[in-house]
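A note on names: the letters A, B, ... follow the listed sequences, proteins ahead of strands, and every chain is numbered from 1. Computed from a prediction, not measured in an experiment: that's the story for all the values here.
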Amino acid sequence: MYVVNTESIPGMRIVQIKGLVQGNTVRSKHFGRDFAAGLKNIVGGELKGYTELLTEARRQAVERMLAQAQQLGANAVLNVRFTTSAVTTGAAEMYAYGTAAVVEPATA
Amino acid sequence: MNSDSIGMLFQLVFTVGVGGALLAIGLLAGRWAERRHLASLAQREEELRAMLLTDVRGFPVAAHPGQSVDPSGHARLVTGEAVISSDYFKTFVSALRKIVGGEMKNYQGLLDRARREATVRMLSEARAAGFDSVCNVRYAGYDITSGISGGKKPVVSVAVQAIGTAYRRRGA
């Protein structure tokens, strides 16, 4: 599966557009991480727990988006974007979306 | 002096003492963390200098005569995330700054570090996968910690995500 945030892929040509695919995940806070973050907020530095949270959320959203693309019979997702929305206090959504397409080598 | 006022005096000294200690810890530890992070960033950015990083939508090679985009269809989404925390001293000084307004250099520094870290992680992912260029870079800032403590005492931090498409140049 090709996944890019550009509108084309070098050396490939778009055969068919399958439409918008999306994936999301809503994550909530975690007491242990909050406590560690509170301490880190005194001494400064990276909040590794939150970086992981963001990375996991992004990975899951992309996975779900790819599953949708696969179901549509696509082999590429173009122009991928991410957004987040706050759901309630202490919970946030990571949303990935893109255009599913069928691509093939341009020389074929 | 009765025991009541001694108690109050003790409480005052204690409060000021703890505040001062937190400020000192924040100043020293924060500065140390920042310096270490900046040094690490500078080193990794130097290692990644050969990577071509752009925010245009196409796959540019124009500035490098004799090169072309590798047409074998190898292109992939790469991402990098970083969440950087403020320290007690920065938060305190910035709270004072809010009274008079103006530029908040401390927080600018935090955002700068988060963005550079996210960029370095994205580029590292691209290089580890055998790519030498990343185009269409986009940055997003996330507010993931303001809600975390239920609004009582927000953790001051910045979260940045960098995304782009990695590809290869021929004749690079």
Side-chain angles (χ1 to χ4, degrees), chain A residues 1-13 27-31 33-59 62 76-84 86-92 94 96 98 103-107, chain B residues 22 25-26 28-34 36-37 57-59 69-77 79-91 110 113-114 117 121 135-138 140 142-151 153-157 159 161 163-168:
Chain A
M1 186 78 84
Y2 296 100
V3 187
V4 295
N5 76 335
T6 49
E7 284 160 25
S8 61
I9 302 171
M12 306 296 274
R13 126 181 115 85
R27 298 279 169 138
S28 83
K29 59 177 188 165
H30 178 297
F31 182 76
R33 277 174 181 156
D34 275 5
F35 184 70
L39 290 182
K40 258 286 157 73
N41 221 212
I42 294 170
V43 296
E46 177 169 17
L47 299 174
K48 291 219 170 70
Y50 290 157
T51 303
E52 270 168 38
L53 193 80
L54 208 55
T55 304
E56 280 165 27
R58 187 253 307 153
R59 197 170 291 155
V62 168
V77 181
L78 309 170
N79 217 13
V80 172
R81 308 229 171 112
F82 295 96
T83 72
T84 56
V87 182
T88 89
T89 309
M94 171 73 79
V103 298
E104 62 175 30
T107 48
Chain B
L22 281 175
I25 291 170
L28 294 173
R31 195 164 279 186
W32 181 74
E34 183 168 19
R36 218 170 56 133
H37 189 206
R57 284 161 150 231
F59 296 86
V69 177
D70 186 343
S72 52
H74 291 294
R76 198 188 99 180
L77 189 76
T79 56
E81 287 101 7
V83 185
I84 307 292
S85 165
S86 175
D87 59 57
Y88 197 86
F89 185 78
K90 283 195 181 76
T91 308
L110 284 186
R113 278 163 63 202
E117 183 65 47
R121 284 179 184 167
C135 67
N136 206 23
V137 171
R138 297 286 181 269
Y142 292 128
D143 181 11
I144 60 167
T145 48
S146 74
I148 290 231
S149 335
K153 200 177 159 204
V155 171
V156 181
S157 69
Q161 181 191 42
I163 73 168
T165 295
Y167 62 104
R168 248 194 300 256

Taking all non-hydrogen atoms of both residues, which atom of [X] and which atom of [Y] are closest, and how far apart?
| X | Y | result |
| --- | --- | --- |
| B/Val83 | A/Thr51 | N-OG1, 3.1 Å |
| A/Tyr2 | B/Ala75 | CD2-O, 4.3 Å |
| A/Leu47 | B/Ser157 | CD1-CB, 3.5 Å |

A/Met94 versus chain B, the contacting section by heavy-atom distance below 4.5 Å: side chain
Non-hydrogen side-chain atoms of B/Ser85 and A/Tyr50 separated by less than 4.5 Å: no
Chain A interface, residue from B/Thr79, B/Thr91, B/Val69, B/Ile25 that has the most non-hydrogen pairs under 4.5 Å: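 Winner by heavy-atom pair count: B/Thr79.
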Counting only non-hydrogen atoms closer than 4.5 Å, does [X] touch chain A with its backbone (N, CA, C, O), its side chain (CB onward), both, or neither?
| X | answer |
| --- | --- |
| B/Ala29 | both |
| B/Gln161 | side chain |
| B/Arg121 | side chain |

Would you give the length of the straight line joining atom [atom1] of [X] to atom [atom2] of [Y], rounded to the nearest 0.5 angstrom?
| X | Y | atom1 | atom2 | value |
| --- | --- | --- | --- | --- |
| B/Ile84 | A/Lys40 | CD1 | NZ | 9.0 Å |
| B/Glu117 | A/Glu46 | CD | CD | 5.5 Å |
| B/Arg76 | A/Met1 | CZ | CE | 14.0 Å |
| A/Asn41 | B/Lys90 | CG | NZ | 11.0 Å |

Expected output: side-chain B/Thr165 to main-chain A/Asn5 donor-acceptor under 3.5 Å: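 Side chain of B/Thr165 to backbone of A/Asn5: a pair is present.
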Side-chain (A/Thr6) to main-chain (B/Arg57) donor-acceptor, under 3.5 angstrom: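 No; zero donor-acceptor contacts below 3.5 Å.
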For B/Arg113, all residues meeting salt bridge (Lys or Arg N to Asp or Glu O under 4.0 Å), sequence neighbours excluded: none
Partner residues of A/Arg59 under the side-chain hydrogen bond (donor to acceptor under 3.5 Å, both in side chains) criterion, sequence neighbours left out: none
